[in-house]
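Before I ask anything, here is the structure I am working with.
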Amino acid sequence: MSKKINLPWNSLGLIGVLIVLVLFFSLMSDYFFSTVTFRTLVNQIPALTVIAVGMTYVLLVAGIDLSVGSVMALSAAVVGVLIVDFNLPVVIAIVAGLFVGLSFGVASGFVSAHWKIPSFVVTLGVLEIARGGAYLVTSSETKYIGDPIAFIGSPVPGIGVSAALIMAVAVVIFAQWLLSKTVFGRYMIAIGTNEEAVRLAGINPVKWKVAVFAIAGLLAGLGGVFQLGYLQSADPNAGIGLELSAIAAVVIGGTSLSGGRGSVVNSFFGVLIIAVMQTGLAQLGVSESSKRIITGLVIIAAVLFDQYREPLAKKLNRIA
Amino acid sequence: MGLKQLLTRAGFLITLGLLSACDSGTPAANQEATTSSEDKPARVALVMKSLANEFFINMANGAETHQKDNADKYELIVNGIRNESDLAQQVSLIEQMMATQVDVIVVAPADSKSILPVAKRAIDQGITVINIDNKFDQELMAKMGVSIPFVGPDNRAGARKIGEYLAQQLTAGDQVAIIGGIPGAFNAQQRQAGFEDAMTAADINVVSIQAADWEQAKAATIAAAILSENPELKAILAANDSMALGAVAAVRQAGRSDDVLVVGFDNISAAQDMVKNGSMLATAEQYGDQLAVFGIEYALQILESGQSPEDKNTPVDLVTQESLQ
């Protein structure tokens, strides 16, 4: 339960890992350490970033959401179909897509919190339902949208990063504020730490849990919109396995799988670590087998690092 | 305290292990060596579909072998996506290759449309882009004002070759059936068209055309139905070898192995055995492991000569009992 602002120390280990990775890839490749590489890299992460934010909240209340990848694909599919087949204005299509994500989140949250079914099982079901929905609305074909949606993913002139990235970073900052500065944030941590105690204190955890899943769903929908802007097409197979990337990023960021402890900003660092790994390994042209083995090792190493990051952070806080 | 120290050490050891593992394993080491030489070899990025699929692994391996034999001419970076349909990852990979300022990107697009915008950006950046395996959508290319050369087998011509060889064993007026691949797929359409070209030219009567979606079991069911409906049937032309194997099974079950000839496409090893022992008449080899190499060679040729790129056909050869001997 972080009352005082000890954020920089907490993030220190992750920033360290990030710096080591960047240095390593810069030494290995002549082309890695460049503005183009970093710009390309950050423009690829908006979808994963907002989905990792939602996942952080869900893990905080000791839940899990396996459906985010499918929900993202379905939301994107709905936006795509509304633009291409129904000729609706882009803004309306986007709102509809976000609404789809939100609804799935509310449904998952309600079913699991109200009937006390593990969210693992509920969202596993929703994973299938949303994927089926994505196939259904797209007729299992990739919908090419093109220019109308490109503005979200294209670099903003003068800055070089996309509108999607700016929005994603804004989401990270807002979500961290919500977590560390508001009642909602404190309830999330309390529910994740000891749900029974929360109930005994006279607070109904069900509605807060539904809210958390609703946010995760909405952010999955937003991720879908970002993905659309990036690809300029709605792919019914988008985001397969994305839930695992999101969980990996969040766990690298030190959020506990058993709830009650976590940080949105650190999840963002987790996303960056994964993105740097992917970009670096791709630029080196490492074989697919080594890529996977190295990625797996780095995930474990980063979490190990996290184990002694905590006591170190405390020590540094005492000194500071 | 002891535990903490242990963890610290473990962390360092893992990091160290990682560093050394990467050091020995990556092609970057040999890249460094070659870039220092006087005339810089071209840098070629091969962006594949799923490297979990044998067909693409063979293609990638073929390219890597070719690069080793031509190390003075070019450097090669091979990347593939996690699963066949991960468009976002393929777009990312192409962008990352653009960031490393490669000279050439040879791409097997996971989708014929969605990969085009990023391919166009690569071209705008001055990179030579070559299309292999799955052809980019012609209409969208025209609309976007780009032209990306496709280097790959002419499936229609290949199928025609097989059909012509079959026609030599038949007489005008004979009845044959065609079993096609997935109806929407470009190569399925091309192969079927090639078969039909050859049959029409030889005045052979195509009594049935049905799709079995590239699948062996489905082809067996369909072939069985066709056989019982057409007692005079002389041959079945299958658009790939898996379906040809299914057709052969159906022919055998119907007890008509002596009367009905079967041809396929792809030259997979099981089909090779069947051609050898005579249960299949012919198939076609499209040199799958060389498809990426053809693309790379063509790109290097364009780089050198500056010629304007056009589509290029790669060889498709007939495989028969004689050719296998």
Side-chain angles (χ1 to χ4, degrees), chain A residues 17 20 24-25 28-32 34-41 43-44 47 141-144 146-147 150 227 230-242 275 278-294 297-298 300-302 304-305 307-308 311-312, chain B residues 3-5 7-8 10-11 14-15 17-19 21-23 25-29 31-32 35 45-46 50-52 57 60 75-89 91-93 95-102 110-118 137 140 143-144 184:
Chain A
V17 171
V20 168
F24 171 70
F25 285 121
M28 294 298 294
S29 160
D30 297 344
Y31 305 91
F32 185 80
S34 69
T35 331
V36 193
T37 297
F38 293 132
R39 201 190 294 148
T40 309
L41 189 153
N43 283 337
Q44 289 168 354
E141 281 169 10
T142 303
K143 288 257 173 230
Y144 179 76
D147 293 338
Q227 185 87 347
Y230 179 60
L231 285 178
Q232 295 169 37
S233 46
D235 170 14
N237 287 307
I240 291 178
L242 192 76
Q278 276 175 354
T279 300
L281 292 174
Q283 289 198 354
L284 290 178
V286 177
S287 74
E288 185 67 19
S289 41
S290 319
K291 242 183 231 174
R292 292 196 171 206
I293 292 169
I294 293 170
L297 286 174
V298 168
I300 295 171
L304 260 179
F305 207 74
Q307 292 288 317
Y308 72 91
L312 185 74
Chain B
L3 184 68
K4 233 179 277 173
Q5 271 174 349
L7 283 172
T8 319
I14 286 173
T15 323
L18 269 180
L19 292 177
C22 297
D23 222 1
T26 59
Q31 267 173 38
E32 234 83 71
T35 34
L46 178 58
S50 171
L51 287 183
I57 293 175
E75 291 165 6
L76 183 67
I77 310 164
V78 182
N79 278 291
I81 52 183
R82 261 161 198 267
N83 59 57
E84 207 72 21
S85 54
D86 197 341
L87 302 184
Q89 204 197 353
V91 172
S92 304
L93 283 175
E95 285 182 342
Q96 282 150 9
M97 292 304 112
M98 286 160 66
T100 65
Q101 297 157 23
V102 292
D111 183 84
S112 60
K113 287 179 183 166
S114 311
I115 309 299
L116 258 180
V118 68
D137 189 84
L140 187 61
K143 215 168 97 188
M144 289 172 64

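Numbers restart at 1 for each chain; the letters A, B, ... are given by sequence-line order, proteins then strands.
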Taking every non-hydrogen pair under 4.5 Å, which of B:Ser92, B:Pro117, B:Ser112 racks up the most with chain A? B:Ser92
In this structure, CE of B:Met97 is separated from OG1 of A:Thr40 (nearest 0.5 Å) by 10.5 Å
Interchain contact, A:Arg292 with chain B, by part (heavy-atom threshold 4.5 Å): side chain
Distance (rounded to the nearest 0.5 Å) between B:Asp111 CG and A:Tyr144 OH: 10.5 Å
Exercise: identify the closest heavy-atom pair between B:Ile77 and A:Gly285: CG2-CA, 3.3 Å
Select one option (side chain, backbone, both, neither) describing which atoms of A:Thr37 are under 4.5 Å from chain B's heavy atoms. both
To the nearest 0.5 Å, what is the distance between CG on B:Asn79 and CD on A:Gln283? 9.5 Å
Using non-hydrogen atoms and a 4.5 Å limit, figure out which bit of B:Leu116 sits close to chain A: side chain, backbone, both or neither. neither
Side chain, backbone, both or neither of B:Met144 within contact of chain A (heavy atoms, under 4.5 Å): side chain
For a side chain to side chain donor-acceptor pair (under 3.5 Å) check, start with the C-alpha distance between A:Gln44 and B:Gln96, then their side-chain angles and the critical distance, and finish with the verdict. CA-CA 10 Å; A:Gln44 289 168 354; B:Gln96 282 150 9; 3.0 Å; yes
CA sep, side-chain torsions, deciding dist, call: A:Leu231, B:Val91, side-chain contact (heavy atoms from CB on, under 4.5 Å): CA-CA 7 Å; A:Leu231 285 178; B:Val91 172; 3.4 Å; yes
The reported gap from OG1 in A:Thr142 to NZ in B:Lys113 (rounded to nearest 0.5 angstrom) is 9.0 Å
Minimum side-chain heavy-atom gap B:Glu95-A:Tyr230 below 4.5 Å: yes
Does any heavy atom of chain B fall under 4.5 Å from the side chain of A:Lys143, the backbone, both, or neither of them? neither
With a 4.5 angstrom heavy-atom cut-off, is it the side chain or the backbone of A:Ala238 that approaches chain B, or both, or neither? neither
Separation between CD1 of B:Ile115 and OG of A:Ser233, rounded to the nearest 0.5 Å: 7.0 Å
Approximate separation, where rounding is to 0.5 Å, of B:Asp86 CG and A:Asp235 CG: 8.0 Å
